[in-house]
Novice: 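Once you've had a glance at the structure underneath, I'll fire off some questions.
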Amino acid sequence: MQIFIDTADTKELKAAFDTGLVDGCTTNPSLIAKAGRDFKEVIAEICEMTTGPVSAEVASTEADMMLKEGKRLAQIADNVVVKLPLTWAGLKTCKTLTEEGIKTNVTLCFTPNQAWLAAKAGATYISPFIGRLDDLGLDGMELIHDIRQIYDNYGYETKILAASIRSASHCIEAAKAGADVSTIPPKVFNALLNHVLTDKGLADFVKDWEGTGQTIL
Ligand code: G3P
């Protein structure tokens, strides 16, 4: 499963890309607002950090404007993926952009039917929001399972991008459900590595090795 980082914070992103394990990035208007910087400038900066996909979301809710905004965003760099909301206008724009060879990420997906429509519109990625469904007492992961089954049944090539990930266990569950990508906030990405027994085990090994008085080089 690929790893994207879900942030517009370029400092945090750089640290994540430096691990060599991150495949791309997703942003949304809320993350851009949080970063407090010029949208197109931030996207350009992120696109220079990676050759992987970088999702940048349109702001308009009208198809004509979405198309113009999507084309403008796609001009920033070859690896920009235009993010569009799961509305009729978003799907219409998705279809047109796909026909023009521009990659798309259809976002705010909460049902298997929405994911099916996005695949029919030729979306490169579909973003089901796990955490926000869990917040309502529903089972976000079930949505990933359902979409996987539907896409596999009919050979849709749209990639499942598990979004609204809130915990390390969400990542494992998304991988088990067959998501193609998880987009992960930096804090959760760091938590993927941590385990108290790893820290303790390493501290013991270092101490015991020092006790041998040996060197490897
Ligand atoms: O980028 C979309 C998504 O990952 C948002 O997550 O935590 O705001 O529900 P969240």
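Every number for a ligand or one of its atoms is a count from 1 in the order of the listing.
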Novice: Enumerate the atoms of ligand 1 whose separation from the nearest heavy atom of A163 is less than 4.0 angstrom.
Specialist: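 Counting from 1, the qualifying ligand atoms are 4 (O).
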Novice: Identify the residue among D6, N105, T107 that makes a side chain to side chain donor-acceptor pair (under 3.5 Å) with S127.
Specialist: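 Among D6, N105, T107, the one that satisfies the side chain to side chain donor-acceptor pair (under 3.5 Å) with S127 is N105.
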Novice: Under 3.5 Å, N or O to N or O, is R132 touching ligand 1 that way?
Specialist: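 It does: an N or O of R132 is found under 3.5 Å from an N or O of ligand 1.
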Novice: Are E57 and ligand 1 in contact, using a heavy-atom cut-off of under 4.0 Å?
Specialist: no
Novice: Got an N/O contact under 3.5 Å between R166 and ligand 1?
Specialist: yes
Novice: For ligand 1 and T183, I'd like to know whether there is a polar contact (N/O to N/O, distance under 3.5 Å).
Specialist: no
Novice: Where is the nearest protein heavy atom to atom 4 (O) of ligand 1: which residue, which atom, and how far?
Specialist: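 In this structure, atom 4 (O) of ligand 1 has D6 OD2, 2.5 Å as its nearest protein heavy atom.
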Novice: Is it the case that more than 12 heavy atoms not belonging to E157 sit under 6.0 Å from its CD atom?
Specialist: no
Novice: Rounded to the nearest 0.5 Å, what separation is found between the CG atom of D180 and the CG atom of L161?
Specialist: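 It is 8.5 Å, given to the nearest 0.5 Å.
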Novice: Could you check whether F189 and F4 have their ring centres less than 6.0 Å apart?
Specialist: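 Between F4 and F189, the centre distance exceeds or equals 6.0 Å.
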Novice: For atom 2 (C) of ligand 1, grab the closest protein heavy atom and report residue, atom and distance to one decimal in Å.
Specialist: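 For atom 2 (C) of ligand 1, the nearest protein heavy atom is F129 CZ, 3.3 Å.
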Novice: Out of curiosity, is T26 lining ligand 1, as in a heavy atom under 4.0 Å away?
Specialist: no
Novice: For the residue pair W116 and Y156, confirm or rule out a side-chain donor-acceptor distance under 3.5 Å.
Specialist: yes
Novice: I'd like to know whether CG of D135 has more than 12 heavy-atom contacts from other residues, nucleotides or ligands below 6.0 angstrom.
Specialist: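 Correct, the count exceeds 12.
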Novice: Check whether the side chains of S55 and T26 place a donor and an acceptor atom closer than 3.5 Å, and report yes or no.
Specialist: no
Novice: Considering the heavy atoms of K83, write down every atom of ligand 1 situated less than 4.0 Å from one of them.
Specialist: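 With K83 as reference, the close atoms of ligand 1 come out as 1 (O), 2 (C).
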Novice: Report the member of A162, S164, S30, S182 with the shortest heavy-atom distance to atom 6 (O) of ligand 1.
Specialist: S164
